[in-house]
Amino acid sequence: ATGVTLESVARNTVAVDRPDHTGICAAGECVVDAGPDTYASRLPIDDISIALAKAGIPVSPSDNAGDYLCNLTFYRLVERAERGGPQIVGFVHVPYLDTQVARLAAQGHNVPHASTLTETQLIAAMKIVVETCVGVLQERSRVVA
């Protein structure tokens with residue numbers, strides 16, 4: 001990751017060639033048979049991007065959350081929202097913490113990464129994401145009222 005990565009599209013795809021932690025591969029290529037090919041994020045991505053950038057936190061857009069657990073989780077979250085669940089839902093990837101990379105390197109692991117965050121940056125970033133979403137929900141309730 002090159003910073004906080006805001007995922008914009010959940011895809012109805014699953015990797016069938018990689019086993020999960022139990023050693024079993026997915027039985028089918030779709031998250032949901034006959035489900036929509038994609039769902040759009042319900043996060044206020046532009047607002048979050050602007051707020052993160054203003055705070056000096058690296059941020060990047062993405063339209064592919066992968067084909068494994070991240071995308072599966074993202075797709076299921078938006079699917080639930082479509083059925084009357086939360087109004088704001090999405091998926092945010094975060095890079096390694098600088099301390100994680102240092103610890104893993106000290107243990108002899110090569111951890112490929114484009115950037116890291118400090119713990120303070122990560123906490124600030126997640127606070128910005130949540131506060132931005134709450135602000136959008138509050139604004140929506142004012143418009144409806």
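Quantities reported herein were computed from a predicted structural model and do not represent experimental measurements.
- In this structure, Val59 is not a member of the same hydrophobic cluster as Phe74, with clusters built from ILVMFWY side-chain heavy atoms closer than 4.5 Å.
- Put simply, the side chain of Ser8 gets close to the backbone of Ser62: a donor and an acceptor are under 3.5 Å apart.
- The line from OG1 of Thr99 to CG of Leu104 is 9.5 Å long, rounded to the nearest 0.5 Å.
- With a 6.0 Å radius and a threshold of 12 heavy atoms from other residues, nucleotides or ligands, Phe91 has its CZ atom above the threshold.
- Using a 4.0 Å cut-off between charged nitrogen and carboxylate oxygen, Asp67 and Arg11 do not count as a salt-bridge pair.
- Nearest heavy-atom pair, Cys70 versus Ala65, reported as atom, atom and distance to 0.1 Å: CB-O, 3.5 Å.
- Here CD of Gln138 is found 11.5 Å from SG of Cys133. Values are rounded to the nearest 0.5 Å.
- Although no hydrogens or angles enter the test, the distance criterion places a donor-acceptor pair under 3.5 Å between the side chain of Asn12 and the main chain of Val31.
- No side-chain heavy atom of Val136 sits less than 4.5 Å from a side-chain heavy atom of Leu43.
- Other residues, nucleotides and ligands place more than 12 heavy atoms under 6.0 Å from the CD atom of Glu82.
- Between Tyr96 and Val111 there is a side-chain heavy-atom pair separated by less than 4.5 Å.
- Counting non-hydrogen atoms of neighbouring residues, nucleotides and ligands closer than 6.0 angstrom, the CG atom of Asp37 reaches no more than 12 such neighbours.
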### Task
Check the pair Arg140 / Ile88 against side-chain contact (heavy atoms from CB on, under 4.5 Å), numbers first and verdict last.
CA-CA 11 Å; Arg140 287 180 187 170; Ile88 294 185; 3.9 Å; yes

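- Leu137 and Val134 are not part of a single hydrophobic cluster, where members link through side-chain heavy atoms under 4.5 Å apart.
- Val16 is not listed as a side-chain neighbour of Cys25, based on a closest heavy-atom distance of 4.5 Å or more.
- Expressed to the nearest 0.5 Å, how far CD1 of Ile45 lies from OG1 of Thr132 amounts to 12.0 Å.
- One distance of note links CZ of Arg103 with CG of Leu97; it measures 9.0 Å at 0.5 Å rounding.
- Proximity of a side-chain donor or acceptor of Asn71 to a complementary backbone N or O of Thr13 within less than 3.5 Å is detected.
- Under the 4.5 Å side-chain heavy-atom criterion for grouping Ile, Leu, Val, Met, Phe, Trp and Tyr, Val4 is connected to Leu122 within one hydrophobic cluster.
- Residues Ile128 and Ala55 approach most closely at CD1-CB, 3.6 Å, considering heavy atoms.
- Looking at heavy atoms from C-beta onward, Glu7 lies out of side-chain contact with Ser41 at the 4.5 angstrom threshold.
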#### Entry: Verdict with reasoning, Val92 to Met126, per side-chain contact (heavy atoms from CB on, under 4.5 Å)
CA-CA 9 Å; Val92 178; Met126 293 306 98; 4.2 Å; yes

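- Enclosure of atom CG in Asn64 by more than 12 non-hydrogen atoms of other residues, nucleotides or ligands within 6.0 angstrom is indicated.
- Under a hydrophobic clustering in which Ile, Leu, Val, Met, Phe, Trp and Tyr are joined whenever their side-chain heavy atoms come within less than 4.5 Å, directly or via other members, Leu72 and Tyr68 fall into the same cluster.
- With rounding to the nearest 0.5 Å, the separation of NZ in Lys54 from CG in Leu52 is 11.5 Å.
- Linking Ile, Leu, Val, Met, Phe, Trp and Tyr residues whenever their side-chain heavy atoms come within less than 4.5 Å leaves Val130 and Leu6 in two separate clusters.
- Residues Val32 and Glu79 are in side-chain contact: their nearest non-hydrogen atoms beyond the backbone lie under 4.5 Å apart.
- Of all non-hydrogen atoms in Pro95 and Ser115, the two that sit nearest each other are CB-O, 3.4 Å.
- Annotation for Gln121 and Ile57: closest pair O-CD1, 3.7 Å, computed over non-hydrogen atoms.
- Residues Val14 and Glu29 have side chains not in contact (no heavy-atom distance under 4.5 Å, counting atoms from C-beta outward).
- For the pair Pro58/Leu117, a side-chain contact is recorded, criterion being any heavy-atom separation below 4.5 Å from C-beta on.
- Side-chain contact check for Cys30 versus Tyr75: every heavy-atom pair is 4.5 Å or farther apart.
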